[in-house]
2 protein chains.
Amino acid sequence: MDKKKETITIYDVARVAGVSMATVSRVVNGNSNVKPATRKKVLGVIEQLGYRPNAVARGLASKKTKTVGVVIPDISNAFYSEVTRGIEDIATMYRYNIILCNSDLQQERETQLIETLLEKQVDGLLFLGGNVREEHLRIYEHTNVPVVLVATKVEDNALPAVGIDQHEAAYDATVHFIQGGHKKIALIGGPLTDLVKGYPRYIGYKHALEEHQIEFDEHLIRIGDYRYDSGYQAMSTLLSLTDVPTSVVVLSDEMAVGAIHAILDNGKKIPEDIEVIGYNNIPIASQVRPLLSTVDVPMYDLGAVAMRLLTKYMHGEEVQTGQVTLPHSLKLRSSTRPLGSIEGEQS
Amino acid sequence: MDKKKETITIYDVARVAGVSMATVSRVVNGNSNVKPATRKKVLGVIEQLGYRPNAVARGLASKKTKTVGVVIPDISNAFYSEVTRGIEDIATMYRYNIILCNSDLQQERETQLIETLLEKQVDGLLFLGGNVREEHLRIYEHTNVPVVLVATKVEDNALPAVGIDQHEAAYDATVHFIQGGHKKIALIGGPLTDLVKGYPRYIGYKHALEEHQIEFDEHLIRIGDYRYDSGYQAMSTLLSLTDVPTSVVVLSDEMAVGAIHAILDNGKKIPEDIEVIGYNNIPIASQVRPLLSTVDVPMYDLGAVAMRLLTKYMHGEEVQTGQVTLPHSLKLRSSTRPLGSIEGEQS
DNA sequence: CTGTTAGCGCTTTCAC
DNA sequence: GTGAAAGCGCTAACAG
């Protein structure tokens with residue numbers, strides 16, 4: 001029997017089972033007020049007819065879609081895909097579906113995606129990375145859909161957010177080198193106009209130097225786009241300095257791997273000649289030689305906590321705006337020397 | 001004025017603009033049969049009220065959601081995320097939205113996701129990688145929703161699919177080594193029970209040897225799970241052979257990078273001592289030292305072509321079942337020696 | 001060009 | 001426990 005073509009509805013099930021639509025609806029939704037015998041009969045008919053509930057109709061009638069929208073800047077970025085894993089696991093647990101959308105780092109597309117998601121009547125929205133702009137805020141203001149930011153934040157903490165302390169993480173990485181006796185510590189960072197990552201991390205680096213009376217030297221600063229090539233480029237120019245740095249804090253693992261290769265291609269040794277520390281601890285950090293020391297960011301947890309927060313929010317619980325800060329740590333591998341093994345090569 | 005709380009509908013717009021719902025619907029949907037003046041007025045009211053069309057209601061009424069579901073085995077796999085890019089670009093072009101779902105390689109979840117997507121009334125379905133099982137086929141049989149497979153296929157070519165010739169690609173890689181004078185060519189592959197990738201690639205390798213009268217040696221075969229660690233492991237055991245291979249075909253780039261590191265950690269040189277060739281040409285292939293030679297698979301195009309095919313299918317055009325095969329090639333970098341530079345070290 | 005009128009398939013009071 | 005009936009917000013004939 002070919003079940004193609006004819007869509008079978010709750011009405012069909014009701015008719016065949018000899019009950020009302022309401023009853024069928026009750027058993028489909030696990031409502032307890034149904035006599036076991038009736039339930040069994042209905043379930044049988046559902047099976048027999050191959051009935052599949054229409055989520056669109058349900059969404060319209062109940063004004064709930066059990067769906068949350070996730071806007072992600074770049075799906076091929078390991079950081080975000082790991083965060084997404086955390087989101088998905090918790091969403092599955094609470095029986096929410098995810099609509100994952102890729103903004104591809106384009107602002108226009110970002111706004112458009114949020115609009116589309118709202119049109120689709122998602123019950124909640126997770127916005128990852130990227131900059132939250134005026135435009136977004138205006139959209140959020142005019143909707144009742146709960147929004148949680150992940151790995152980004154907004155001025156005035158107007159929205160709930162989950163992230164780490166970017167300033168402190170960069171500070172910690174820099175201090176590690178200072179404690180190792182380094183004086184010439186270079187930085188390969190992100191655009192300083194990026195108020196979420198680039199700038200606060202830069203300031204963290206700077207503060208570390210200041211607090212330890214190390215002179216800040218702007219020649220040791222390079223700005224990349226967080227990707228491999230820019231890390232390679234940046235490191236290459238650093239290597240051409242007359243006074244080559246003895247260590248470098250790189251504010252993304254991908255750039256750090258690029259930097260490592262630039263150093264290696266230059267004939268220098270890691271960590272003997274130059275030590276490198278990355279940021280995020282994505283898989284590639286342990287798939288490169290030497291193994292990359294890096295700031296360990298709890299990516300999965302970022303997603304999981306955010307999704308958990310969102311479920312509370314969607315269920316009407318009060319949710320604080322402002323950031324929930326998750327802990328980070330330093331994951332030391334072989335692109336840095338163990339502390340205590342300092343030789344005297346930095347003047 | 002706070003637009004929160006009250007949902008404003010097409011009816012509100014109609015009332016304020018002094019027209020009928022039908023007219024509002026027409027302008028929202030870009031129907032040309034509206035007097036410019038009327039259109040303008042309606043548009044004004046929409047703007048003023050901040051009206052946002054309800055896609056759920058529209059979906060119910062029109063029986064079209066302009067949404068396609070994409071089931072992907074692993075979002076953190078670079079291969080699939082690149083394919084997804086291709087899908088997204090074409091989808092955007094044809095004004096379709098994407099619901100991206102991650103099955104996490106779990107079969108049960110795969111089936112469940114397909115069901116959910118169907119409940120959500122997607123207009124089409126793209127199924128990436130993974131094995132298409134009986135269970136799926138049964139679901140597909142009972143629905144009118146067009147399905148296109150990407151980077152996988154099914155027995156009897158029962159469904160339209162887009163992919164490359166796996167057999168030939170592995171064959172080509174192997175032949176490259178044979179032409180380079182190699183006799184001891186190892187293979188790090190995937191499970192032979194995997195009829196989509198593992199097995200056909202293995203057969204491609206085997207055929208290449210056979211056709212060139214090179215003895216097949218099962219000691220040179222290792223099976224991994226396509227990931228870094230398994231590549232490292234596999235290569236390590238290959239390295240401990242009394243008769244170490246002089247070249248190795250690795251059926252995923254991640255495993256290939258693992259293999260490279262195993263070789264390097266073993267103190268051997270690439271490509272001088274051992275040549276390595278990978279598979280897929282994901283970004284990491286050009287972010288490793290030495291740069292990885294690999295089978296260049298048109299990942300983006302796989303996605304783009306599949307999505308294009310699906311749009312045709314959704315628009316009622318006849319679509320052939322069976323695979324559309326896209327071309328692949330060898331991308332030679334520095335983990336292999338240039339052909340013609342053969343020295344005599346293979347006996 | 002524009003309005004009227006049925007539904008789309010389901011949930012949800014409100015009765016019984 | 002179960003049913004009847006009123007929508008949810010929108011589209012799509014059909015009329016005019």
Side-chain angles (χ1 to χ4, degrees), chain A residues 5-43 45-46 49-67 116 118-123 143-145, chain B residues 5-43 45-46 49-67 116 118-123 143-145:
Chain A
K5 288 285 163 221
E6 63 269 16
T7 19
I8 92 135
T9 77
I10 201 172
Y11 174 75
D12 299 317
V13 177
R15 188 170 33 78
V16 176
V19 298
S20 72
M21 286 166 54
T23 299
V24 178
S25 176
R26 286 188 187 101
V27 350
V28 169
N29 293 296
N31 184 314
S32 53
N33 287 120
V34 181
K35 194 170 19 163
T38 316
R39 172 185 309 279
K40 198 173 166 188
K41 186 171 57 182
V42 172
L43 253 15
V45 175
I46 286 178
L49 260 39
Y51 168 69
R52 173 182 297 128
N54 180 327
V56 172
R58 172 183 293 167
L60 183 58
S62 68
K63 293 173 162 269
K64 288 195 182 350
T65 54
K66 279 302 220 173
T67 301
T116 305
L118 258 18
E119 286 184 8
K120 285 198 182 301
Q121 314 298 119
V122 293
D123 294 342
T143 176
N144 290 314
V145 177
Chain B
K5 288 285 163 222
E6 63 270 14
T7 16
I8 91 134
T9 75
I10 203 171
Y11 174 75
D12 300 316
V13 176
R15 189 169 33 76
V16 176
V19 298
S20 72
M21 285 165 56
T23 300
V24 178
S25 176
R26 285 187 189 103
V27 350
V28 169
N29 293 294
N31 185 312
S32 53
N33 288 120
V34 181
K35 195 171 20 165
T38 316
R39 173 186 307 280
K40 199 172 166 188
K41 186 171 58 184
V42 172
L43 253 14
V45 175
I46 286 178
L49 260 38
Y51 167 70
R52 174 181 296 127
N54 181 326
V56 173
R58 172 184 292 166
L60 183 59
S62 69
K63 294 175 160 266
K64 289 197 180 345
T65 54
K66 279 303 220 174
T67 301
T116 305
L118 257 17
E119 285 184 8
K120 285 199 183 301
Q121 314 297 119
V122 293
D123 293 342
T143 174
N144 290 313
V145 177

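Note that these values count all heavy atoms, side chains included, but never hydrogens, waters or copies made by symmetry. The sequence lines fix the lettering, A, B, ..., with proteins before strands; numbering per chain opens at 1.
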Starting at CD1 of A:Ile46 and ending at C1' of C:dC10, how long is that distance when rounded to a whole Å?
13 Å
Within the structure provided, determine whether A:Arg26 and A:Thr38 are in side-chain contact (heavy-atom separation under 4.5 Å).
no
B:Asn33 atom CG is separated from D:dA15 atom P, nearest whole Å, by 17 Å
For DNA chain C, whose closest nucleotide is more 5', that of A:Arg26 or that of B:Lys35?
B:Lys35
Using only side-chain N and O atoms of A:Thr23, determine if any of them is under 4.0 Å from OP1 or OP2 of D:dG3.
yes
Nearest heavy-atom pair of A:Tyr51 and A:Val28: which atoms, and what distance?
CE2-CG2, 4.1 Å
Strictly below 4.0 Å: does A:Lys63 bring a side-chain N or O up to OP1 or OP2 of C:dC10?
no
Would you mind reading off the distance between B:Ile10 atom CD1 and D:dC8 atom P, rounded to a whole angstrom?
14 Å
Grab the NZ-P distance between A:Lys66 and C:dT11 for me, whole Å please.
13 Å
Atom OH of A:Tyr11 and atom P of D:dA5 are separated, to the nearest Å, by 12 Å
Respond yes when some side-chain nitrogen or oxygen of A:Lys64 is under 4.0 Å from OP1 or OP2 of C:dT11, and no when none is.
no
Hey, is the main chain of B:Asn31 close enough, under 3.5 Å, to the side chain of B:Asn29 for a donor-acceptor pair?
no
Side chain of B:Ala61, heavy atoms from C-beta onward: which of C:dC10, D:dT2, D:dC10 has the nearest atom to it?
D:dC10
May I have the distance from A:Asn31 (atom CG) to D:dG1 (atom P), rounded to whole angstrom?
11 Å
Any side-chain N or O of B:Ser62 under 4.0 Å from OP1/OP2 of D:dT11?
no
Please figure out whether A:Val19 or B:Arg58 has its closest DNA chain D nucleotide nearer the 5' end.
A:Val19
Looking only at side-chain N and O atoms, does A:Ser25 come under 4.0 Å of OP1 or OP2 in C:dT11?
yes
Is a side-chain N or O of A:Ser62 found less than 3.5 angstrom from the main chain of A:Arg58, in a donor-acceptor match?
yes
Ignoring backbone atoms, test whether B:Ser20 places a side-chain nitrogen or oxygen under 4.0 Å from the OP1 or OP2 oxygen of C:dT2.
no
Residue pair A:Asn54 / A:Thr9, side-chain heavy-atom distance below 4.5 Å
no
Quick one: on DNA chain D, does B:Leu60 or B:Ala22 contact a more 5' nucleotide (nearest heavy atom)?
B:Leu60
Could you tell me the separation between the CG atom of A:Asn54 and the P atom of D:dC8, rounded to a whole number of Å?
18 Å
Rounded interatomic separation in angstrom, taking CE from A:Met21 and P from D:dA6
13 Å
